[in-house]
Amino acid sequence: MDEKKVFTDSGIEIKKVYAAGDCPDLINELPGEWPYTRGVQPDMYRGKLWTMRQYAGFSTAEESNKRYHYLLSQGVMGLSVAFDLPTQIGYDSDHPLSDGEVGKVGVAIDSLEDMQALFKGINLEKVSTSMTINATSFILLGLYVVLAKQQGADLKKISGTIQNDILKEYAARGTYIYPPKPSMRIITDIFEWCSQEIPKWNTISISGYHIREAGSTAVQEIAFTLSNGKAYVQAAKKKGLDINVFGKRLSFFFNAHNNLFEEVAKFRAARRMWAKMMKDLGATDPKAMMLRFHTQTGGSTLTAQQPLNNISRVTIQTLAAVMGGTQSLHTNGYDEALSLPTEEAAGIALRTQQIAAYESGVAETADPLAGSYFVESLTEEMEEAAWKLIEKIDIMGGSVAAIEQGYIQDEIARSAYEYQRQVENREKIIVGVNQFHTEEKNTIPLLKIDERIQQQQVDKLTRYKNNRDRARVDQCLQMLNDKANSGENLMPGVIEAIENCCTLGEIADELRGVFGEYQ
């Protein structure tokens, strides 16, 4: 009788047992040494634990600020801001298209006043802030910088990350504004400006997370993400920027799913591939070849059925991220398939990281699964499969061309369909969903967003707009328009506009007039 074959989620066949012959090329690499398969630091977490972030932001800036103070008091080392949909796509809260979405999936930020409220009582020199924002990342970065200046912070010391990865928006997520070419121009403007003004800031977090959430496999996640990274590097080089300077400020954002060994192999393969890619693109500084990444546990793996099971899923994903060598980690709340996380769920998620750090022993040695015949073999196979996809994209003319042709979107859709088919046919078991059911009443408390938030936000914005020098606002927006047309760096103009009370929606709209919108 033929024995049933077993595959990883990426379709790589898993043998019953692995031996030395399965990884003949096993090299005695060390962590902190090129090509960084085993990690970017020689001592990894013995020197410094990963940054424990909790992604938070909902309703108003004032409400989110309370959550940030609570998280900081509980031992969070870095803040991670979630923005509402209007903020993500460049509309103020009083825009007709914002109706019903204000403060729903994140915090509403219309103006400098909102940013002041969001970080009230928080010293921006002392915390590292990650902002999950793409199409309007240049405006949110501008708001953060203006606030830091008002606090008297040394801009050379402020640290954090803006996601700023527009290519994956076209491929997987959909919160874009402008067409690809002007969007790439904005991103390289940010690279250039930050390298001079805020050198510790990570100017992009090239995101595989949303590619995976949209249904890709682990192999596609690294292939498409690194391919996007290559496109950003090429665009920056074309602008005359030094790869050894901006290369150090590139970071990545990956997903962690439940297949523990495949995920660890994925992180190891991605590091090795990026080091080779950057070397081929002309990097000579070791730090410019290191793939540093943030991880978030898999939102799409969380189930609305038997939600407490998600605590176990998040624990496995936490171990995968840490054993895979992540630099920072956000753990999801067990209730996130039902609503934004409650304070209790966010607390358990943070404790999961702390228990992994202080009680499990996984942080005590670098790359603890190195030398495992299975993990080393899987790392090789994932790298090989990912290079094949990257070669296909290169033949098409790179990521921008592959996205314009719909190739990446189609590949993700095909994988998502195949995964769903396996779940429905019970070829893939999801505990509590297609097997091990129980009759359950949902007693989990949900976080509800007050419907009055929208009106409060609109009223606040109206007062803000009424108390400013309108002529100065118009002047700043016109200056921004001129810079957009002339090809000058946009960042100084954006900062000046914010300092003169222009809103996020007004800045985004002014550039819509120049660049158009992507359809």
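Keep in mind that this is a model prediction, so the values were computed, not measured. Atom set for the values below is all heavy atoms of this structure, side chains included, hydrogens, waters and symmetry mates excluded.
Side-chain contact, Tyr334 with Glu344: a donor N or O sits under 3.5 Å from an acceptor N or O. Of the N and O atoms on the side chains of Asn244 and Thr284, at least one donor lies less than 3.5 Å from an acceptor on the other residue. A donor atom on one side chain and an acceptor atom on the other are found under 3.5 Å apart for Gln317 and Asn258. Side chain to side chain, Gln150 and Gln116 meet the donor-acceptor criterion of an N or O pair below 3.5 Å. For the 3.5 Å distance criterion, the side chains of Thr503 and Asp92 qualify, holding a donor opposite an acceptor.
The side-chain tip of Lys279 does not point at the ring of Trp274 from less than 6.0 angstrom away and within 45° of straight on. Cation-pi geometry between Arg512 and Tyr518 is not met: the NZ or CZ atom fails to fall both under 6.0 Å from the ring centre and inside 45° of the normal.
Across Arg468, Lys149, Arg472, a single residue satisfies salt bridge (charged side-chain N to carboxylate O under 4.0 Å, His left out) together with Glu499, and that is Lys149.
Evaluation of the salt bridge (Lys or Arg N to Asp or Glu O under 4.0 Å) rule for Asp469 yields no partner, not counting sequence neighbours.
Aromatic ring centroids of Trp201 and Tyr144 lie under 6.0 Å apart.
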Decide yes or no on salt bridge (Lys or Arg N to Asp or Glu O under 4.0 Å) for Arg463 and Asp459, but give the supporting numbers first.
CA-CA 6 Å; Arg463 286 193 299 274; Asp459 291 346; 5.5 Å; no

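Taking the side chain as every heavy atom from C-beta outward, Thr297 and His257 never approach each other to under 4.5 Å.
Heavy atoms only, all atoms of each residue included: Phe293 and Phe267 are closest at CE1-CD2, 3.6 Å. Shortest non-hydrogen contact noted between Asn332 and Leu302 is CB-CD1, 3.9 Å.
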